[in-house]
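Below: one structure, written as structure tokens.
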Amino acid sequence: MINELKQLGLNEYEAKVYLTLLDNGSLKGGEVCKKSGVPHGKTYESLASLESKGFISITPLKPKIFTALNP
């Protein structure tokens, strides 16, 4: 599945983060990091990129909650 997401323009970290959100539902950033295995700094970079590409939504509340949008 990661290779298919790469064909859609995601890098490996973005693909892992996106799949983690698809599998687990809405999560806080730290939870995404732990469950995806993506390094902390790269997790937040990937989350921001995924939002800008329209793959996820982010709540404006604190703590922020990240949710995958339908693939």
Rounded to the nearest 0.5 Å, what separates atom [atom1] in [X] from atom [atom2] in [Y]?
X     : Y     : atom1 : atom2 : result
Glu31 : Leu21 : CD    : CG    : 10.0 Å
Asn3  : Glu12 : CG    : CD    : 8.5 Å
Leu19 : Ser36 : CG    : OG    : 10.0 Å
Cys33 : Leu27 : SG    : CG    : 11.5 Å
Lys34 : Lys28 : NZ    : NZ    : 10.0 Å
Leu8  : Lys53 : CG    : NZ    : 10.0 Å

Q) Can you name the residues that form a ring pair (Phe, Tyr, Trp, His ring centres under 6.0 Å) with Phe66, not counting sequence neighbours? A) none
Q: Using ring pair (Phe, Tyr, Trp, His ring centres under 6.0 Å) as the criterion, list what pairs up with Tyr13, not counting sequence neighbours.
A: none
Q | Under 3.5 Å: donor-acceptor pair, side chain of Ser26, backbone of Ile65 | A | no
Q) Is Glu51 reaching over with its side chain to a backbone N or O of Ala48, donor-acceptor style, under 3.5 angstrom? A)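 No, Glu51 side chain to Ala48 backbone: no donor-acceptor pair under 3.5 Å.
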Q) Any idea which heavy atoms bring Ala68 and Tyr18 closest together, and the distance? A)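 Closest approach of Ala68 to Tyr18: CB-CE1, 3.8 Å.
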Q: Please report the closest heavy-atom contact between Gly29 and Thr43, naming both atoms and the distance.
A: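 Between these two residues, the closest heavy atoms are O-CG2, 4.0 Å.
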Q: List for me each residue that meets side-chain contact (heavy atoms from CB on, under 4.5 Å) alongside Leu69, sequence neighbours excluded, and say none if there are none.
A: Ser57
**Q.** Distance-only polar pair, side chains of Ser49 and Glu14, donor-acceptor under 3.5 Å
**A.** yes
Q | Minimum side-chain heavy-atom gap Leu50-Leu10 below 4.5 Å | A |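 Yes. Closest side-chain heavy atoms under 4.5 Å.
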Q.
Can you confirm whether more than 12 heavy atoms, excluding those of Lys64, are under 6.0 Å from its NZ atom?
A. no
